[in-house]
Amino acid sequence: MTELRALSEQLTDIAVAAADAAADGIRAGFRSTMDVGYKRDNHDPVTEHDRRAEERIREVLLRAVPDSSIVGEEGGTSTGTGRVRWHVDPIDGTANFAAGSAYFCTSIGAEIDGEPVAGVVLDPMAGNLFTAHLGGAFRNGRRLRCTGRSAESHGYLVTSYPSVRDLDEQGPDALRRFESLVRGYGTVRRHGAAALSLAHVAAGWAEAGFGTGVHSWDVCAGSLLVRQAGGVYRSFTPGDPAGTGWTAPGYLAHVPELAADLVTATVDELVGAGRG
């Protein structure tokens with residue numbers, strides 16, 4: 001075992017401990033009376049449970065790796081002197097959480113030298129713990145194999161597209177692109193939690209996942225889950241060629257059997273539409 005792989009496994013264990021530390025508070029807050037605030041607009045809610053969970057996660061991560069940096073959705077960026085950089089979303093799917101819908105998760109990913117090496121996605125209500133390191137991807141300790149249907153016409157697509165920002169920027173073209181996905185896939189669902197959707201692709205519970213306007217805390221752990229489970233993960237930025245990294249604001253993930261031509265065509269349109 002290489003030194004980096006051993007470190008990745010250690011970081012995964014730390015991320016599991018951090019997610020577990022926040023889980024009881026999140027479960028206790030679910031379907032309780034809570035104050036809901038908003039950040040960018042009324043489509044971007046936040047609750048006191050998001051903030052408390054991230055505080056608890058940060059405490060655990062910094063106690064275990066004091067010189068690490070943390071990029072958190074609620075707490076911003078804290079910069080350390082070490083190589084490890086954490087990406088934390090305490091409740092991915094806050095709108096669902098606040099509404100009492102049980103499609104949300106905690107996502108914690110770690111990168112070293114710009115590459116994800118450890119990832120944890122915890123679905124606290126379903127009891128599913130997804131973990132990934134450089135030795136594989138797992139759900140509740142059992143190895144994941146990303147596999148599913150090969151035909152889009154029978155496939156299950158999870159997406160957040162189009163968001164209100166996509167509609168603002170693309171107008172009727174966004175609805176036309178969404179229509180092609182709805183007509184082309186057997187099932188399309190807009191669950192609103194990118195990290196959990198990526199975990200479901202890694203598990204083979206969905207054939208494809210597609211998102212725009214995502215942040216590093218949404219996809220650091222999930223991108224590693226998909227790739228370590230044997231799936232395909234592609235990032236893209238409108239106006240630039242599609243990349244092989246993970247940090248770009250758009251992503252396409254799918255099981256290897258699926259050509260994902262419909263989503264690929266949509267991605268290629270979005271990339272092309274951004275060129276000046």
- Query: Is Thr237 close to Val271 at the side-chain level, that is, under 4.5 Å between some pair of heavy atoms?
  - Reply: no
- Task: Supply the atom-to-atom distance Arg139 CZ to Asn128 CG, rounded to the nearest 0.5 angstrom.
- Result: 5.0 Å
- In terms of side-chain heavy atoms, does Thr212 have a donor or acceptor partner in Asp166 at a distance below 3.5 Å? yes
- Would you say the side chain of Gln228 lies within less than 4.5 Å of the side chain of His133, judging by non-hydrogen atoms? no
- Indicate whether the side chain of Glu111 and that of His87 have a donor and an acceptor atom separated by less than 3.5 Å. yes
- Query: Is a side-chain donor-acceptor pair under 3.5 Å present for Ser68 with Trp86?
  - Reply: yes
- Would a line drawn from the ring center of Phe97 to the ring center of Tyr103 be shorter than 6.0 Å? no
- Under 4.5 Å between any side-chain heavy atoms of Phe104 and Ile91, yes or no? yes
- Geometric class of the Phe210/Phe236 ring pair [parallel <30°, tilted 30-60°, perpendicular >60°]: parallel
- Message: Could you tell me if the side chain of Tyr251 sits less than 4.5 Å from the side chain of Asp218, heavy atoms only?
- Response: no
- Asp50 and Glu73, any side-chain heavy atoms less than 4.5 Å apart: no
- Approximate separation, where rounding is to 0.5 Å, of Thr266 OG1 and Leu181 CG: 4.0 Å
- Would you call Arg189 and Leu157 a side-chain contact if the rule is heavy atoms closer than 4.5 Å? no
- Task: Using a 4.5 Å cut-off on heavy atoms from C-beta on, say whether the side chain of Arg83 contacts that of Asp113.
- Result: yes
- Task: Show the numbers, then the answer: is there a salt bridge (charged side-chain N to carboxylate O under 4.0 Å, His left out) between Glu269 and Arg177?
- Result: CA-CA 9 Å; Glu269 279 194 29; Arg177 290 164 181 148; 2.7 Å; yes
- Please round to the nearest 0.5 Å and tell me the distance separating atom CG of Leu224 and atom CZ of Phe130. 14.0 Å
- Note on the structure: Output for pair (Glu54 CD, Glu59 CD), nearest 0.5 Å, gives 11.5 Å
- Task: Decide whether Tyr156 and Glu207 meet the rule of one side-chain donor and one side-chain acceptor closer than 3.5 Å.
- Result: no
- Distance from Gln170 atom CD to Leu167 atom CG, nearest 0.5 Å? 8.0 Å
- Item | Whether over 12 other heavy atoms sit under 6.0 Å from Asp35 CG | no
- Item | Polar contact flag, side-chain donor to acceptor under 3.5 angstrom, Asp261-Thr264 | no
- Query: Among Val88, Val121, Ile57, which one satisfies side-chain contact (heavy atoms from CB on, under 4.5 Å) with Thr106?
  - Reply: Ile57
- Message: Checking side-chain polar atoms at under 3.5 Å, does Ser197 have a donor or acceptor matched by the opposite partner on His191?
- Response: no
- Find the distance between CG (Leu122) and CG (Asp20) and round it off to the nearest 0.5 Å. 6.5 Å
- Query: Do the side chains of Thr147 and Pro256 get nearer than 4.5 Å, heavy atoms only?
  - Reply: no
